[in-house]
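Starting from 1, each residue takes its place in the sequence as its number. Here the structure is a predicted model, which means the values were calculated and not measured.
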Amino acid sequence: MSESTLGTSVPQVNARAKVMGRAQYAGDIQLPGMLHGKVLRSPYPHARIVRIDTTQALALPGVKAVVTGADGPQVPWGVHHKERLTLARDVVRFAGEEVAAVAATSEDIARDALDLIEVEYEELPALFTPEEALDAEAPTVHPGRANNVSHEIRFERGDVDTAFAQAHLVHEATYSTHSQYPGYMEPMASVAMVDPDGRLQVWTSTQSAFLARARLAAVLELPVSRVRVIQSTTGGGFGGKIIEDANSLIAGALALRTGKPVRLVNNRLEDFLACCTSVPERITLKLGMSRDGRIVAKDVRIVADCGAYSGLSAEVMHVSAMRSDNMHRNPNVRSHATLVYTHTPPHGAFRGFGGTQMLFALNSHLDTMARKLGLDPLDVHRLNALERGETSVHGWKIGSTGLAECLAQCTEAIGWHTRRGRIAGHGAKRRGLGLAAAMHVSGNRTIGDWDGSTVMLKVNEDGRVVLHCSEADMGQGAMTMLTQVVAHELDIPLAHVHVVAPDTDSAPFCIGSLASRVTIAAGNAAIVAARAARDKLMDQAATMLQAPAAELQCAGGSVHLRAAPERSLTLAELARAHLWRHGGEGIQVTGSWDARTEMFDKNTLMGNIAPAYSFAAQAVEVEVDTETGQVTLVDSFVSDDCGKALNPLAVHGQSNGAAAQAIGWTLYERLQVEDGRIVNGNFADYTMPSPDALPMLRSGIVESNDPNGPYGAKGASETAILPGPGAIANAVFDAVGVRITELPITPEKVLAALRRREEPRHA
């Protein structure tokens with residue numbers, strides 16, 4: 001019998017191809033006669049396009065096509081609103097918006113052609129902040145969008161005002177969060193071609209091949225069956241590679257125009273301009289607490305900036321407005337969230353998907369109130385946390401939770417009980433500890449009334465398995481997880497399972513990598529498929545061994561009689577026999593799984609939207625230099641409740657990678673936008689944390705064994721990004737007594753807060 005790898009640390013099955021340079025990313029694809037695409041972008045945040053003259057560009061030798069908004073795709077696209085054209089027509093709404101695209105025989109020629117396109121703009125007044133956009137006299141970013149509001153969310157549960165009136169302590173504060181660029185290693189890239197049958201075929205870096213296909217078909221006005229999307233090896237996504245950029249659309253349009261393959265790869269500046277960054281939010285949070293620290297009332301007001309187009313920002317804001325309510329046993333909650341258009345580059349999906357913004361505010365708030373009540377913040381978190389079997393204020397059914405264990409694990413690792421309040425530092429450098437908690441979904445029934453997955457397995461004549469699934473692996477280890485599940489169920493080595501890259505022509509329909517859904521959805525589907533394949537093998541063996549299937553066992557790459565193990569047949573023998581017989585066929589099965597959840601009511605916003613919910617907690621130690629304001633993270637421990645760690649190596653990698661992104665957002669990263677223009681759109685000026693800015697990141701795993709998860713597993717890719725900002729802000733307060741409510745926590749803000757604290761107060 002083979003030893004199962006479930007629960008053991010396994011290197012990613014595609015790691016060797018990557019480290020040896022054999023993995024093929026979209027930008028690596030070379031096709032005969034391939035052209036190279038380049039995009040002309042608006043230099044203005046808001047302007048009318050008066051005239052575009054492409055004559056000189058088209059006359060340049062080597063240029064095969066120039067497409068503009070006037071003759072390009074005319075179908076608008078978007079998620080919440082269909083409002084964005086692939087190439088701007090008549091009006092540009094942000095600096096960097098796509099205005100024209102060129103296909104030429106080389107990148108250099110395509111780049112030169114951009115310089116030859118003459119565009120006459122009439123610059124228009126621009127709105128750069130939600131406050132400007134919400135002004136009663138402000139012009140509208142989009143015709144018909146009154147007051148520049150893209151979306152609003154309002155709800156109230158319980159009796160919020162009465163609960164506040166009865167609370168022992170009420171605290172209100174406003175928190176501001178900023179944009180973060182996903183920072184993946186591979187920029188957006190696509191290669192598109194018209195195949196010999198006249199169908200559009202696209203290789204692209206994406207988190208969802210089927211969502212990309214649907215958008216390509218809609219925008220380019222093709223039946224979906226005339227579009228094939230293949231997910232190339234994807235070098236990171238972090239939410240930015242769902243369906244909010246125009247890269248594959250432009251490549252497809254150029255391929256259809258020229259009849260030639262077209263390669264379109266963003267350089268880093270282009271990617272900063274083209275990729276949606278995280279949604280900036282201003283959050284006003286009011287909480288009421290009883291004397292013992294129990295939350296009795298919550299009121300949230302959010303103003304979020306979606307930029308020039310709404311994209312997925314409405315869904316992100318929805319998460320900010322609602323998700324954190326489901327962590328706590330509080331029946332009285334109220335929220336009013338407003339999404340606002342501005343003339344700035346669009347914002348959208350990012351790892352954590354709106355949870356980071358709200359949990360920075362909430363964890364900062366809980367720490368503040370615990371201190372006012374003379375309580376340990378750890379005790380406040382424990383007191384309010386929902387437990388297994390409870391239903392939240394919004395109807396979320398908590399099937400598993402390891403939040404209490406996460407809190408215990410990370411605080412023990414940081415020395416919370418023995419060191420809190422006792423580490424002062426030396427000289428101008430002061431040290432402090434901070435704690436924060438978080439929750440996230442594992443799956444999310446909000447796209448439609450289905451949040452499932454399908455896996456197809458083929459058992460070849462050598463007894464090895466080929467797996468087709470269109471859930472995306474963008475570096476998080478989806479292929480490895482699927483390999484482990486099938487190898488475990490059939491009791492064969494990992495090397496005997498091959499996972500094919502998502503291909504909409506050959507793989508079953510799947511939603512893709514979003515909402516931490518792949519392990520729970522595709523993992524369960526893989527179990528169903530593997531057991532169906534095993535049943536076929538067992539039935540074939542029962543015929544050949546002349547024994548009931550109930551007396552057989554599938555183990556070690558063969559099927560044998562339990563009572564007489566020497567009577568056995570290999571999987572290869574069974575697969576061949578299943579094929580080469582009268583009426584035979586190859587062993588090919590599909591397995592599907594759909595979450596036992598419900599589509600939330602769009603009027604009441606009630607409903608159990610996910611099959612499982614993940615939790616995390618983080619404790620950190622910081623050092624603050626009171627002379628320079630510099631905050632240094634000294635130690636960090638994040639605990640991740642992933643249900644069951646199918647691959648602890650992958651879980652630790654995801655937890656620590658998420659923590660690093662959270663640290664960057666909190667202390668270092670900020671997209672600098674001046675007069676609507678990004679001015680630090682490169683890795684030299686956009687200050688992501690380098691190794692010397694990070695401590696040795698530590699993480700722990702809590703296994704709560706979810707009843708809906710495959711072997712108890714649930715999502716382990718996003719939750720760990722959520723508690724970091726609040727934990728760091730709380731540690732800064734613990735160190736020097738100043739509360740920073742606007743991210744990032746820069747030296748300038750720390751020094752300014754210290755000066756304000758020291759200024760004499762006047763009556």
4.5 Å side-chain heavy-atom contact, Asp503 and Ser470 | no

Going through the checks in order, is the side chain to side chain contact (heavy atoms under 4.5 Å, CB included) test met by Arg534 and Glu489?
-> CA-CA 8 Å; Arg534 187 176 64 196; Glu489 289 293 330; 3.4 Å; yes

Enter the distance from Met544:CE to Arg567:CZ here, rounded to the nearest 0.5 Å.
-> 11.5 Å

Which side-chain hydrogen bond (donor to acceptor under 3.5 Å, both in side chains) pairs, counting each pair once, include a residue from residues 12-34, with sequence neighbours left out?
-> none

Does Ile721 reach the side chain of Phe353, with side-chain heavy atoms less than 4.5 Å apart?
-> no

Asn524 (side chain) donor-acceptor with Gly452 (main chain) under 3.5 angstrom | no

Test side chain to side chain donor-acceptor pair (under 3.5 Å) applied to Ser717 - qualifying residues, sequence neighbours left out = Gln654

Interatomic spacing from CD1 in Ile250 to CG in Leu264 - rounded to 0.5 Å | 6.0 Å

Classify the side-chain pair Ser655/Asp640 by whether it contains a donor and acceptor separated by less than 3.5 Å.
-> yes

Is a donor on one side and an acceptor on the other found under 3.5 Å between the side chain of Gln540 and the backbone of Leu537?
-> no

Please step through side chain to side chain contact (heavy atoms under 4.5 Å, CB included) for the pair Leu467 and Val455, ending with a clear verdict.
-> CA-CA 7 Å; Leu467 185 154; Val455 168; 3.7 Å; yes

Using a strict 4.0 Å threshold on nitrogen-to-oxygen distance, state whether Arg199 and Asp505 make a salt bridge.
-> yes

Less than 6.0 Å separating the ring centroids of Phe210 and Phe509?
-> yes

Basic-acidic side-chain contact under 4.0 Å: Arg226, Asp197 = no

Side-chain donor-acceptor contact under 3.5 Å, Gln207 with Ser513 | no

Minimal non-hydrogen separation, Ala713 against Leu646, with atom names = CB-CG, 3.8 Å

Side-chain (Asp451) to main-chain (Ala595) donor-acceptor, under 3.5 angstrom | no

Distance-only, no hydrogens or angles: does the Thr543 side chain make a donor-acceptor pair with backbone N or O of Asp539 under 3.5 Å?
-> yes

Which heavy-atom pair separates Ala274 from Asn266 by the least distance, and what is that distance?
-> CB-ND2, 4.0 Å

Given side chains that start at C-beta, do those of Met439 and Thr719 come closer than 4.5 Å, heavy atoms only?
-> no

Any luck finding a side-chain donor-acceptor pair between Ser516 and Lys714 under 3.5 Å?
-> no

Start with the C-alpha gap between Tyr613 and Asp706, add the side-chain angles, then the distance that decides, and say whether side chain to side chain donor-acceptor pair (under 3.5 Å) holds.
-> CA-CA 9 Å; Tyr613 302 96; Asp706 194 88; over 6 Å; no

Grab the two heavy atoms, one from Phe615 and one from Cys406, that are nearest each other, plus how far apart they are.
-> O-SG, 4.0 Å

Is there a donor-acceptor pair under 3.5 Å between the side chain of Thr480 and the backbone N or O of Val13?
-> yes

Does the side chain of Met538 reach to within under 4.5 Å of the side chain of Val559, using non-hydrogen atoms?
-> yes

List the steps and the verdict of side chain to side chain donor-acceptor pair (under 3.5 Å) for Ser592 and Thr454.
-> CA-CA 4 Å; Ser592 294; Thr454 302; 2.8 Å; yes

Show your reasoning for whether side chain to side chain contact (heavy atoms under 4.5 Å, CB included) applies to Arg215 and Leu249.
-> CA-CA 8 Å; Arg215 188 181 60 156; Leu249 295 176; 3.9 Å; yes

Considering only NZ, NE, NH1 and NH2 on the basic side and carboxylate oxygens on the acidic side, decide whether Arg445 and Asp449 come within less than 4.0 Å.
-> yes

Ignoring hydrogens and angles, tell me if any N or O in the side chain of Asn326 forms a donor-acceptor pair with the backbone of Trp396 under 3.5 Å.
-> no

Main-chain N/O of Thr206 paired with Thr204 side-chain donor or acceptor, under 3.5 Å = no

Given side chains that start at C-beta, do those of Leu552 and His560 come closer than 4.5 Å, heavy atoms only?
-> no

Spacing of CE belonging to Met481 relative to CG belonging to Asn647, to within rounding of 0.5 Å | 10.5 Å

For the student: nearest non-hydrogen atoms of Val459 and Ala533, plus distance = CG2-CB, 4.2 Å

How far apart are the C-alpha atoms of Leu571 and Cys554, what are their side-chain angles, what is the distance that settles it, and do they pass the side chain to side chain contact (heavy atoms under 4.5 Å, CB included) test?
-> CA-CA 9 Å; Leu571 299 192; Cys554 181; 4.2 Å; yes

Is a donor on one side and an acceptor on the other found under 3.5 Å between the side chain of Thr356 and the backbone of Gly352?
-> no

Where Pro261 and Gly33 come nearest, the two heavy atoms and their spacing | CD-O, 4.0 Å

OG of Ser506 to CD1 of Ile230, rounded to nearest 0.5 Å, is 8.0 Å

Give the minimum heavy-atom separation between Ser704 and Ser400, together with the two atoms involved.
-> OG-OG, 3.5 Å

Test side chain to side chain donor-acceptor pair (under 3.5 Å) applied to Ser639 and Glu405, step by step = CA-CA 8 Å; Ser639 296; Glu405 291 83 355; over 6 Å; no

Main-chain N/O of Asn267 paired with Asp271 side-chain donor or acceptor, under 3.5 Å = no

N-O pairing of Glu390 and Lys397 below 4.0 Å = no

In Å, rounded to the nearest 0.5 Å, how long is the span from OG1 of Thr519 to CD of Glu471?
-> 10.0 Å

After noting the C-alpha distance and the side-chain angles of Glu718 and His440, does the key distance pass the side chain to side chain donor-acceptor pair (under 3.5 Å) rule?
-> CA-CA 7 Å; Glu718 292 189 84; His440 193 61; 3.0 Å; yes

Assign the ring pair His488 / Tyr711 to parallel, tilted or perpendicular, where the plane angle (0 to 90°) is split at 30° and 60°.
-> perpendicular

Within 6.0 angstrom of Arg596 CZ, more than 12 heavy atoms from elsewhere | no

Can you tell me which residue pairs pass the side-chain hydrogen bond (donor to acceptor under 3.5 Å, both in side chains) test with a partner in residues 232-244, sequence neighbours excluded?
-> Glu186-Lys241, Ser205-Lys241, Gln231-Thr234

Going from CH2 on Trp77 to CG on Leu220, what distance comes out if it is rounded to the nearest 0.5 angstrom?
-> 11.5 Å

pair Val202-Val191: side-chain heavy atoms closer than 4.5 Å | no

Leu494 vs Gln484 side-chain heavy atoms within contact, under 4.5 Å | yes

Check: Ser208 side chain, Leu211 main-chain N or O, donor-acceptor pair, under 3.5 Å | yes

Side chain proximity check, Val651 to Leu649, heavy atoms < 4.5 angstrom = no

